[in-house]
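To keep things clear, I will list the structure first and then write my remarks on it.
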Amino acid sequence: MKNSAKLARAIGLVTLVTFIAKGLGILRDALQARAFGAETFDVTMFTAANNSTIYIFTTVAYALCLAAIPIFSKKLIQGKDECFKAANYLISLCFLASIIVCGLLLIFNYTGLLASFDNVEGSPVMFERFVLYMVPTLPVIVISYLLVALFQSMGHYSLQGSLSLLYNAFLCFVLLFFGDKLTMDSFVILTSAAWLLQFAMVVPYIIKEKYRFRFRFGIYGTGAHFGLFFRTAIVTIFTTSVFLFCYLLDYSMAFSIGKTAPTSFYYADKLFTPLITTLMYSIGAVLFPQFNLESSRMSASEYRSYIGKVIENTVVLLLPISVLFCVYGVQIIEVLFEGSEFTHTASISTGTVFGIYSLGMVGFALLDLLSKAYYAMQKTITPLVTNAIVVVLNFVIGTILLNFYKNSLVLALATSVAMTIGGIILSVIFFKGHGSPIKLIRILKSIILSCVMGGGLWLINTIVLNGNESKIMLIVKCGFCGIIGFIVYLLLFGDLELLTTFKNKFFKDRRK
C-alpha cells in the first residue's frame with residue numbers, strides 16, 4: 001500500500017514537472033509560429049532540417065536511455081561504483097558512435113544526399129545550411145539522455161521531465177522579446193546551441209550523486225548486460241519512434257499536396273507529441289523500472305494482470321481526452337499559434353491534422369506501455385514486428401487515401417488508424433493465453449460515452465461558435481463546454497476508479 005502511494009506520488013510529481021516543461025515547449029512553438037509563420041518556404045526548410053537531425057537524434061537518445069535503465073538498475077544493486085563504471089563505458093561508446101555519425105551526416109549533407117532523402121525541393125542550399133547548424137547537437141543529446149538514464153535508475157524520476165525546462169524558457173524569452181528581429185538562420189543557431197542548457201539540467205544530479213565521468217573504451221561486462229543493451233537499443237529506437245516514422249511519412253507525403261503543406265504536420269506534431277508524452281512518458285519514467293522489478297518476481301499471469309490494470313486505466317482516461325482534442329483541434333491551434341505570420345488558414349489546416357492525430361492517442365499509449373512491458377521481460381521481437389506493421393499500414397492507408405482525396409486530413413487519419421490497429425494487435429498478443437485482465441465492458445462503455453460526448457460537443461459548437469470570437473472568448477466558450485462535457489462523461493461513466501485511487505493514495509499518505 002505504501003509502495004503504491006509512493007509510486008502514485010512519483011508519477012504525479014513527474015507529470016507536474018513534465019507538464020511545466022512541455023507547456024513551455026508549446027509556448028515556444030507558439031511564439032516561433034507567430035514570428036516566422038507556417039506558409040513560408042524558409043519555415044518549410046527549417047522543419048525539414050529539424051526532422052532530419054534533432055528530431056531523430058532525440059528519439060534515438062531516448063531509446064538509448066530506456067535500454068540503459070535496466071542495466072544501471074541491476075549494476076546499482078552491486079553498488080554505486082559498479083553502476084558508475086557501467087555508465088562510463090556506455091557513455092564513452094555512445095559518444096564515440098555519435099561523433100562518427102556526425103561526421104557521416106556532414107559528408108552526406110555536403111554531397112546533397114540528405115536533401116534528396118528528405119524530398120527537399122526548391123532550396124536545398126538553405127536546407128543544407130540549417131542541417132550544418134543542427135548536426136553538432138548529437139553528442140550533447142546522447143550524453144544528456146544517458147545521464148538521465150543513470151540518475152533515473154537511482155530514483156531521480158523527475159529529471160527526464162524537467163530536462164528541457166531551461167532550454168524552453170531561454171527560447172521563449174528570446175522569441176518573446178527579439179522574435180521580430182530574428183532571422184531564420186540566427187534562430188536555428190540559437191536552438192542548436194541551447195541544447196547545452198538541457199545538459200546543464202543534469203549537472204546538479206552529477207554533483208549530488210558525486211559522479212565523475214572517465215573515458216573507458218572496450219566492452220565492459222561482456223555478455224548478457226551489454227549485449228542486451230545494444231540489442232534492446234536497436235529495437236527500442238524503432239519501437240519508441242513509431243509515431244516519429246509515421247509523422248515523417250506524413251510530412252514527406254504532404255509535399256505532394258503543396259510545398260507548404262508539410263508545415264501543418266510540423267506544428268500539429270509540436271502540440272500533439274508534448275500532450276501525449278506528458279502523460280505517457282511521465283508514467284513510463286516511473287513504471288518502467290517497476291515493470292522490470294515486477295516481471296522478475298511475478299508469475300507470467302500475475303505480471304500480465306498487473307500490466308492489464310495499467311492499460312485499462314490509461315485507456316479509460318485517454319479516450320475522452322482524445323475526443324475533446326479532436327473536437328476542439330482547430331480552436332486550440334487558433335488560440336495557441338494564430339497571430340502575426342501564422343494565419344487563420346494555417347490554423348485550420350494545422351488544427352485539422354492535430355485533431356485527427358488526437359484520435360490515435362489510445363493506440364499510441366497501448367504501443368508505448370506494452371512495448372515497455374515486453375522490454376521488462378527482455379522480449380523485443382513482438383513489439384518490433386508490431387510497430388513495423390504500424391508504419392507499413394500508415395504508408396499503405398495514406399497512399400490509398402491520397403489517390404482519392406489530396407488533403408492533409410487523410411494522411412493524419414491514416415496515422416491514427418494505423419496506431420490504433422497496432423495497439424489492438426499488440427494487446428491481443430500480449431494477453432493471449434492468459435485470459436483478459438482488462439474489463440472489456442468498461443472499455444466499451446468508455447468508447448460509447450466518449451463518442452456521445454464528442455458528438456454532443458460538435459453540435460453545441462455549431463450553435464455557440466460564430467467564427468468571430470476573440471481568443472479569450474474561444475477559451476471561455478470551448479473551455480466551459482469541454483469541462484462540462486468531461487464532467488458529464490465522468491458522471492455517466494460512474495466508475496472513477498483510476499482518479500479516486502490516485503487521489504486517496506496521494507492525500508492519505510500526505511496526511512500520515
Side-chain angles (χ1 to χ4, degrees), residues 56-105 135-164 166-167 195-237 240 284-286 288-289 291-293 296 372 375-376 378 380:
I56 294 176
F57 296 166
T58 52
T59 302
V60 170
Y62 176 70
L64 294 175
C65 174
L66 282 182
I69 288 173
I71 294 176
F72 293 152
S73 298
K74 290 174 182 176
K75 291 292 182 182
L76 191 61
I77 297 174
Q78 302 173 25
K80 190 181 284 189
D81 289 341
E82 283 297 307
C83 185
F84 287 166
K85 190 184 294 184
N88 288 338
Y89 275 88
L90 267 185
I91 292 174
S92 297
L93 287 170
C94 292
F95 175 75
L96 279 178
S98 69
I99 293 295
I100 293 171
V101 171
C102 276
L104 291 174
L105 287 175
V135 165
T137 61
L138 177 57
V140 178
I141 294 172
V142 168
I143 291 173
S144 298
Y145 272 87
L146 283 175
L147 288 173
V148 167
L150 173 63
F151 297 123
Q152 192 171 304
S153 68
M154 301 173 76
H156 300 292
Y157 301 123
S158 63
L159 175 56
Q160 183 173 306
S162 64
L163 192 65
S164 61
L166 283 178
Y167 172 88
W195 259 95
L196 292 172
L197 293 175
Q198 301 219 34
F199 175 77
M201 291 296 295
V202 185
V203 173
Y205 297 90
I206 293 175
I207 296 172
K208 182 177 181 179
E209 296 295 343
K210 298 179 181 178
Y211 171 62
R212 298 294 179 268
F213 172 71
R214 292 178 177 82
F215 277 101
R216 292 288 185 270
F217 303 113
I219 301 297
Y220 168 72
T222 54
H225 288 318
F226 279 73
L228 178 63
F229 168 76
F230 290 111
R231 289 197 307 273
T232 304
I234 292 171
V235 174
T236 309
I237 286 170
T240 58
V286 177
F288 184 47
F291 284 1
N292 283 278
L293 178 63
S296 63
K372 289 184 174 70
Y375 301 153
Q378 298 185 6
T380 57

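Side chains are part of it too, since the values below use all heavy atoms of this structure and drop only hydrogens, waters and symmetry mates.
The OH atom of Y89 lies 13.5 Å from the CZ atom of F215; values are rounded to the nearest 0.5 Å. Atoms CD1 and SG, from I141 and C65 in turn, are 13.5 Å apart once rounded to the nearest 0.5 Å. Rounding to the nearest 0.5 Å places CG of L150 at 13.5 Å from NZ of K75. For the atom pair CZ (F151) and CG (L146), the distance works out to 11.5 Å, reported to the nearest 0.5 Å. Interatomic distance, R212 CZ to N88 CG, rounded to the nearest 0.5 Å: 11.5 Å. Annotation: the span from T58 atom OG1 to L138 atom CG amounts to 10.5 Å, rounded to 0.5 Å.
Counting all heavy atoms, side chain and backbone alike, F72 lies closest to C83 at O-SG, 3.6 Å. Closest non-hydrogen pair, E209 versus M154, comes out as OE1-CE, 3.1 Å. Closest of all the heavy-atom pairs between K210 and F84 is O-CE1, 3.9 Å. The minimum heavy-atom distance linking S92 with R214 is given by the pair OG-O, 3.9 Å. Nearest approach of V135 to C102, heavy atoms of both residues: O-SG, 3.4 Å.
The side-chain heavy atoms of L105 and F57, taken from C-beta on, include a pair separated by under 4.5 Å. Between Y205 and L147, every side-chain heavy-atom pair lies at or beyond the 4.5 Å cut-off. The shortest distance between side-chain heavy atoms of Q152 and I69 falls below 4.5 Å.
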Discussion item. For a side-chain contact (heavy atoms from CB on, under 4.5 Å) check, start with the C-alpha distance between F213 and I143, then their side-chain angles and the critical distance, and finish with the verdict.
Written reply: CA-CA 11 Å; F213 172 71; I143 291 173; over 6 Å; no
Worksheet item: Could you go step by step and tell me if V142 and F95 meet the side-chain contact (heavy atoms from CB on, under 4.5 Å) rule?
Response: CA-CA 7 Å; V142 168; F95 175 75; 6.0 Å; no
Worksheet item: Run the side-chain contact (heavy atoms from CB on, under 4.5 Å) check on Y145 and L163 step by step: do they pass?
Response: CA-CA 9 Å; Y145 272 87; L163 192 65; 4.0 Å; yes
Practice prompt. Take K208 and H156 through the test side-chain contact (heavy atoms from CB on, under 4.5 Å) and record every step on the way to the result.
Written response: CA-CA 11 Å; K208 182 177 181 179; H156 300 292; 3.9 Å; yes
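When the ring pair (Phe, Tyr, Trp, His ring centres under 6.0 Å) test is applied to Y167, the partners found at least two apart in sequence or on another chain are W195.
The environment of F199 atom CZ is sparse: at most 12 non-hydrogen atoms of other residues, nucleotides or ligands sit within 6.0 angstrom.
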